[in-house]
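Here is how names work: the chains are called A, B, and so on, in the same order as the sequence lines, proteins then strands, and each is numbered from 1.
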Protein chains: 2
Amino acid sequence: MSAPASKSPATLHDVAREAGVSLATASRSLNGSTRKVNEAYRQRVVEAAQRLGYTTNLFAQAVAKGSTTTVALLVADIADPYFSSIAAGVIDAASEEGLVVTIAVTGRNAQRELDTVRALRGQRPRVMILAGSRTTGSAFEDQLRGELTSFEDTGGKVAFISQDAAPFATVLLDNRGGARDLAVALASLGYRDVAVITGPPEIRTAEERLEGFAAGLAECGIPLPADRIIHADFTRDGGYRGTQELLASGASVDLVFAVNDVMAVGVVSALREAGIVPGQGIGVAGYDDIPTVRDITPALTTVRIPLEDVGRRALQLATGSVHDAGAAPAPGEPAPIRTETIIRGSTPRR
Amino acid sequence: MSAPASKSPATLHDVAREAGVSLATASRSLNGSTRKVNEAYRQRVVEAAQRLGYTTNLFAQAVAKGSTTTVALLVADIADPYFSSIAAGVIDAASEEGLVVTIAVTGRNAQRELDTVRALRGQRPRVMILAGSRTTGSAFEDQLRGELTSFEDTGGKVAFISQDAAPFATVLLDNRGGARDLAVALASLGYRDVAVITGPPEIRTAEERLEGFAAGLAECGIPLPADRIIHADFTRDGGYRGTQELLASGASVDLVFAVNDVMAVGVVSALREAGIVPGQGIGVAGYDDIPTVRDITPALTTVRIPLEDVGRRALQLATGSVHDAGAAPAPGEPAPIRTETIIRGSTPRR
DNA sequence: CCTAGCAGAGAAAGCGCTTACCGATCAGGC
DNA sequence: GCCTGATCGGTAAGCGCTTTCTCTGCTAGG
């Protein structure tokens with residue numbers, strides 16, 4: 001018990017011997033293969049396998065078959081509800097297809113993202129899904145693209161989430177449109193002096209939401225001066241500090257839009273701490289509709305994204321085109337995901 | 001471009017040829033193996049590998065070596081912040097050791113949990129970490145234990161989180177102690193008429209927290225009648241409905257303790273909807289200290305668990321004893337995790 | 001009754017990698 | 001100058017599985 005006796009797991013060979021059949025028959029019996037197998041034999045093999053507690057060694061199977069059942073998912077931060085909801089969708093859809101999901105965390109760091117992709121390629125995953133990629137425009141962009149292209153060249157499929165990454169498939173979130181609609185809705189509620197807390201400029205998703213929001217405001221004749229745009233990092237703390245910065249600047253503002261909910265929560269917290277009641281003095285809006293924002297006070301106005309579906313779609317987008325090569329049109333085929341503006345207590349009519 | 005030309009990835013063989021050395025030399029050059037390799041050769045191999053964009057096929061490596069670099073993590077629900085924080089810790093610690101994490105979701109379903117464990121064994125993971133296991137006391141308990149025992153017999157390591165699962169290693173959370181301390185603290189704040197919303201009885205963690213809480217109350221001479229204990233399912237919605245049920249029963253209560261924060265959030269929501277201001281009419285306390293509870297109003301009294309650390313510890317507990325077989329005492333060695341009672345606005349002094 | 005034809009089991013050749021084991025080369029000791 | 005013993009490439013035997021191909025044993029048509 002102290003020294004791990006560690007007999008190795010039963011192998012197919014063991015099963016075959018136990019059942020008194022050949023290796024080939026055992027293999028065929030166990031994975032509903034093309035070739036027929038005498039039902040009586042099949043029975044015996046299955047029983048033998050059960051008796052021995054045998055489970056196919058997926059690695060060996062992968063190397064023999066030359067293809068795996070693995071999906072690699074890269075996220076910036078798994079503890080962020082945005083990503084964990086997406087992950088839930090991916091895992092769910094994957095397990096429906098008998099695929100297994102490997103998750104890696106990039107910590108919003110482009111270098112690390114690249115390294116992670118490289119490392120994950122060693123797993124020869126069928127699919128690689130990138131959510132919250134930070135590489136756009138960074139020094140690593142070309143390398144990342146190269147790595148992914150070569151991954152696809154060798155039979156893999158890649159899917160981006162939210163970011164349109166040109167030759168690669170993407171579950172496109174209409175960030176621009178969603179943010180635009182939000183802006184229009186807020187304008188019609190009477191907001192006029194707006195500030196935005198956005199993400200790092202390398203993150204396309206942040207930029208798109210910012211642009212869309214600005215466009216919506218412009219349509220309503222509301223300006224968005226550059227000094228009202230604050231760059232933060234998608235974290236609650238970033239939203240918090242961004243707000244403090246904003247308040248310190250003395251700008252007179254009646255609305256703060258944070259490009260994701262996590263930061264918006266930080267905004268609310270900072271406002272409150274500064275003695276401003278969010279929603280009364282200053283309205284607050286976010287983006288994503290993570291669960292938390294319904295529960296804080298005031299509940300946050302935001303743009304709802306069906307995050308689990310997004311994850312599911314990403315997987316299907318990737319494996320789907322593996323299944324029926326030919327059906328899907330362009331690989332970047334924009335999968336339209338519906339977003340919805342949700343007005344809550346944090347932005348009452350002014 | 002339409003038909004995936006799909007040349008397969010470069011193999012070690014290719015690298016060896018490109019570098020003009022043998023397969024063995026190539027292999028040895030690429031993974032700092034025991035045997036020395038002439039530096040000049042090594043160089044050439046490394047360069048050749050780079051030129052070809054070669055990455056070791058981990059599967060092949062695993063089957064050749066007979067051991068993998070995979071960690072399997074089972075969680076009830078990855079979108080639940082409790083689990084996603086733990087996952088973050090596991091992933092972090094794993095990547096430090098060059099291990100890759102596979103996540104599977106059991107959806108709080110014992111049958112599915114068992115199936116998942118079985119399926120994951122096919123991956124021959126080095127380590128299997130179970131968080132939020134539901135199997136205790138269920139019809140599947142014996143099967144699960146059998147599966148895990150046989151997994152350990154064949155060289156794997158298993159680690160449970162929170163639940164003490166006897167022969168297996170556990171990152172023990174002092175649920176009883178934490179809940180007891182909380183109860184005492186709340187009693188000293190003046191609460192007397194308490195109700196508890198707990199989880200399903202099969203989940204040991206829930207039971208322990210309930211017991212500890214009851215014990216703490218008892219110490220202070222406060223009863224906890226059975227009809228004040230409501231069973232829910234750890235979800236926000238469960239907490240919400242449990243509270244409605246409680247209110248409908250007409251019980252006069254001055255405190256609701258939910259055994260996890262997610263449910264506590266539901267409690268707050270239900271109270272508010274019933275026109276009761278949480279913290280004024282009725283105090284609310286939770287457990288876990290997930291990020292959200294600091295941001296809702298009132299901020300929630302809870303018991304803080306360093307969840308990321310818990311995840312990290314789980315991994316280290318498992319791999320650690322792999323590294324230095326002999327150092328670790330009993331496999332179930334209780335790794336003491338400090339929890340801390342945090343009183344916030346949801347339970348003001350009465 | 002003979003031969004064609006078809007199941008379907010088994011032998012064996014891999015999949016990409018690691019790792020004994022072998023053997024050539026070279027340095028040093030007597 | 002010959003022998004011993006390191007040192008370090010290369011050869012080849014696996015790891016556990018799939019799959020092609022061979023070959024046996026039938027059934028059925030003429």
Side-chain angles (χ1 to χ4, degrees), chain A residues 6-46 48-49 52-70 121-126 154-155, chain B residues 6-46 48-49 52-70 121-126 154-155:
Chain A
S6 200
K7 56 180 178 232
S8 37
T11 80
L12 187 58
H13 189 83
D14 301 336
V15 174
R17 205 183 20 196
E18 171 87 8
V21 302
S22 79
L23 209 65
T25 305
S27 171
R28 287 194 275 254
S29 303
L30 253 27
N31 49 20
S33 92
T34 355
R35 265 274 300 275
K36 268 242 189 95
V37 158
N38 185 307
E39 183 53 26
Y41 278 1
R42 231 190 56 85
Q43 275 298 339
R44 282 173 52 189
V45 171
V46 169
L52 268 52
Y54 170 81
T55 20
T56 308
N57 182 328
L58 288 181
F59 284 10
Q61 181 168 287
V63 58
K65 279 195 170 168
S67 86
T68 68
T69 55
T70 303
R121 284 196 63 192
Q123 293 226 66
R124 305 283 185 272
R126 271 242 251 287
T154 54
Chain B
S6 200
K7 55 180 182 234
S8 38
T11 79
L12 188 58
H13 189 83
D14 301 336
V15 174
R17 205 182 21 195
E18 172 87 7
V21 302
S22 78
L23 210 64
T25 305
S27 171
R28 288 195 274 253
S29 303
L30 253 27
N31 49 20
S33 91
T34 356
R35 270 272 301 273
K36 269 247 189 89
V37 160
N38 184 307
E39 184 53 26
Y41 278 156
R42 230 190 58 85
Q43 275 297 339
R44 284 172 52 189
V45 172
V46 169
L52 268 52
Y54 170 81
T55 19
T56 307
N57 182 327
L58 289 181
F59 284 11
Q61 189 171 75
V63 58
K65 279 195 170 168
S67 86
T68 68
T69 55
T70 304
R121 284 196 64 191
Q123 292 225 68
R124 304 285 186 272
R126 270 242 252 288
T154 54

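- Heavy atoms of B:Tyr41 sit under 4.0 angstrom from primed sugar atoms or phosphate atoms, though from no base atom.
- Which of C:dA9, D:dT18, D:dG10 sits closest to the side chain of A:Thr56 comes down to D:dT18.
- Rounding to the nearest 0.5 Å places CZ of A:Phe59 at 5.5 Å from CD of B:Gln123.
- The side chain of A:Asn57 approaches D:dC17 more closely than any other nucleotide in the set C:dA9, C:dC17, D:dC17.
- At D:dT18, one or more side-chain N or O atoms of A:Ser27 fall inside 4.0 Å of OP1 or OP2 (strictly under the cut-off).
- Atom pair A:Asn38:CG and C:dC6:C1' shows a separation of 15 Å (rounding to whole Å applied).
- Between A:Arg17 atom CZ and A:Ser22 atom OG the span is 13.5 Å, to the nearest 0.5 Å.
- Taking the side chain as every heavy atom from C-beta outward, B:Leu12 and B:Ser27 approach each other to under 4.5 Å.
- Using a 4.0 Å cut-off, no side-chain N or O of A:Thr11 falls inside it from OP1 or OP2 of D:dG16.
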Task: Chi angles and distances behind the side chain to side chain contact (heavy atoms under 4.5 Å, CB included) call for A:Asn57, A:Thr11 - done: CA-CA 8 Å; A:Asn57 182 328; A:Thr11 80; over 6 Å; no
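- Residue B:Gln61 contributes atom CD, which lies 10 Å from atom C1' of C:dG16 at whole-angstrom precision.
- Across C:dG16, D:dG9, C:dG10, the shortest atom-to-atom separation from the side chain of A:Ser22 is found for C:dG10.
- As rounded to whole Å, 16 Å separates atom P of D:dG16 from atom NZ of B:Lys65.
- In this entry the distance linking CG of B:Leu12 with C1' of D:dT11 reads 15 Å, nearest Å.
- Between the P atom of C:dT18 and the CG atom of B:Leu30 lies a distance of 8 Å, rounded to the nearest Å.
- Rounding to whole angstrom units, NZ of residue A:Lys36 and P of D:dC26 are separated by 19 Å.
- Atom NE2 of B:His13 and atom C1' of D:dA12 are 14 Å apart (whole Å).
- The backbone N or O of B:Leu58 lies less than 3.5 Å from no partner atom in the side chain of B:Thr56, so there is not a single donor-acceptor pair.
- Scanning atom types as modelled, no donor and acceptor separated by under 3.5 angstrom connect the side chain of B:Arg124 and the base of D:dG16.
- Each of B:Gly66 and B:Ala26 has a nearest nucleotide on DNA chain D; the 5'-most of these lies closest to B:Ala26.
- The side chain of A:Val37 lies closest to C:dA9, out of C:dC17, C:dA9, C:dA11.
- In this structure, B:Leu58 atom CG and C:dC15 atom C1' are separated by 15 Å, rounded to whole Å.
- The base of D:dT20 sits within donor-acceptor range of the side chain of A:Arg28, with an N or O pair under 3.5 Å.
- Among C:dA9, D:dG16, C:dC17, the nucleotide with an atom closest to any side-chain atom of B:Ala64 is C:dC17.
- In this model, the phosphate group of C:dT18 is approached by a side-chain N or O of B:Asn31 to a distance below 4.0 Å at OP1 or OP2.
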